[in-house]
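A short worksheet on the structure shown next.
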Amino acid sequence: MEPLEDPHGKGGLHVMKRIIVTGASGQIGIELVPYLRKIYGDSNVLATARRHVPGPVSEGGPFELLDVRDGKTFSKLVSSFKADTILHLAGILSAKAETMPQESWDINLGGTFTALEVAREHGAALFFPSSIAAFGPSTPQDNTPQVTIQRPTTIYGVAKVTCELLCDYYHKKYGVDTRGLRFPGLISYEALPGGGTTDYAVHIYYEALSKGRYTCYIAPGTYMDMMYMPDALAAVVQLMEADPSKLVNRNAYNVSAMSFAPEDIAASIKKFIPEFEISYDVDPVRQAIAESWPNSLDCTAAKEEWGFDPEYDLDRMTQDMLERLKQKRQATEG
Ligand code: SER
């Protein structure tokens, strides 16, 4: 496929030209890779993952197997592909990481350290997806500032803060063009998230359509930040194409499009499926993680420094999610 025109109106003068994506089998990668290929051209986006990924990620352009802890292979791929940008998505999500803290540290922290070293070696830019998990119970919970207390209590969050600091360090010490976003819960219809705390906000749509009801593992009244995947994909490209002289808070920017509790998303679904019912069976582990994270982020820095401007609010997202999932169901049912 030929590259599309620059979506950000810079007349096709992309900063990124040759992009390698790690963790391309994950919830973000599955959608980010085809999205990038549309903008930059199929052959200019190399997707990598620990295992083979069927579908557009491996069939729509170059694909290689990569364990991000394997620095030699990582470096060889960046060199032979002549990548100028590494979008480093590989990682284990919060709830799953709590079941395997040591291995998660190795992948989440060790993998990012390796990615930074490869970026330094080859002069590549690096995108790091941080998270609302980089905050903890002592962080101000409402309208959480860009710069504030970060004392997370999960192994996932501890690795995210460490990686934010490492990205700052590599930028200051070696001039690596590191940039990052603190993603909220991401909601999407192409691939399910695996082992996160915010996953309920994806599962609820699937079960609203298949069963008309959903049993939620997060308690009512628990607010977390969320964003629809199209806004997340646009934010990655916008940040990586932003004028570097404007980036003060590089690693990493608060981004969020909405903040809701389970009863709010249920009410939104009821507008489209009136008979939908939510009930609760709270999982203490994921509930404790959710309570340690902010209720709502202040995204002023992202708006001011590179124009973050998400499109989807809760109802618009609900309408789109339900339509897309219905179409998917019809396609698989033949
Ligand atoms: N969505 C992620 C999780 O729940 C947070 O970054 O683990």
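Note that these values count all heavy atoms, side chains included, but never hydrogens, waters or copies made by symmetry. Ligands are counted one by one from 1 in listed order, and the atoms in each one are counted from 1 as well.
For ligand 1, the atoms closer than 4.0 angstrom to any heavy atom of Thr197 are 3 (C), 4 (O), 7 (O). Contact atoms of ligand 1 toward Gly196: 3 (C), 4 (O), 7 (O) (distance under 4.0 Å to a heavy atom of the residue). Shown in contact with Leu93 at under 4.0 Å from a heavy atom are these atoms of ligand 1, numbered in order with element: 2 (C), 7 (O).
The N/O atoms of Ser131, backbone and side chain alike, include one that comes under 3.5 Å of an N/O atom in ligand 1.
Going from atom CG of Leu192 over to atom CG of Asp199 covers 8.0 Å, rounded to the nearest 0.5 Å.
Residue contact annotation: Thr198 has a non-hydrogen atom under 4.0 Å from ligand 1.
The residue from Phe127, Phe128, Trp306 that alone fulfils the ring pair (Phe, Tyr, Trp, His ring centres under 6.0 Å) condition with Tyr253 is Trp306. Across Val161, Thr153, Thr144, Ile149, a single residue satisfies side chain to side chain contact (heavy atoms under 4.5 Å, CB included) together with Phe135, and that is Thr144.
Closest protein heavy atom to atom 7 (O) of ligand 1: Ser94 OG, 2.6 Å.
Of the heavy atoms in Tyr200, none comes closer than 4.0 Å to ligand 1. Under 4.0 Å from ligand 1, not a single heavy atom of Ala133 appears.
Between Trp293 and Tyr156, the ring-plane angle classifies as tilted under the 30° and 60° cut-offs.
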Given the rule in the side chain to side chain contact (heavy atoms under 4.5 Å, CB included) test, do Tyr280 and Glu263 qualify, once you have shown the distances and angles that lead to the verdict? CA-CA 10 Å; Tyr280 297 90; Glu263 64 272 28; 3.9 Å; yes

Go through it in stages, so that I can follow the logic: the residues are Ser268 and Thr318, the test is side chain to side chain donor-acceptor pair (under 3.5 Å), and I'd like the CA-CA distance, side-chain angles, deciding distance and then a yes or no. CA-CA 7 Å; Ser268 179; Thr318 297; 2.7 Å; yes

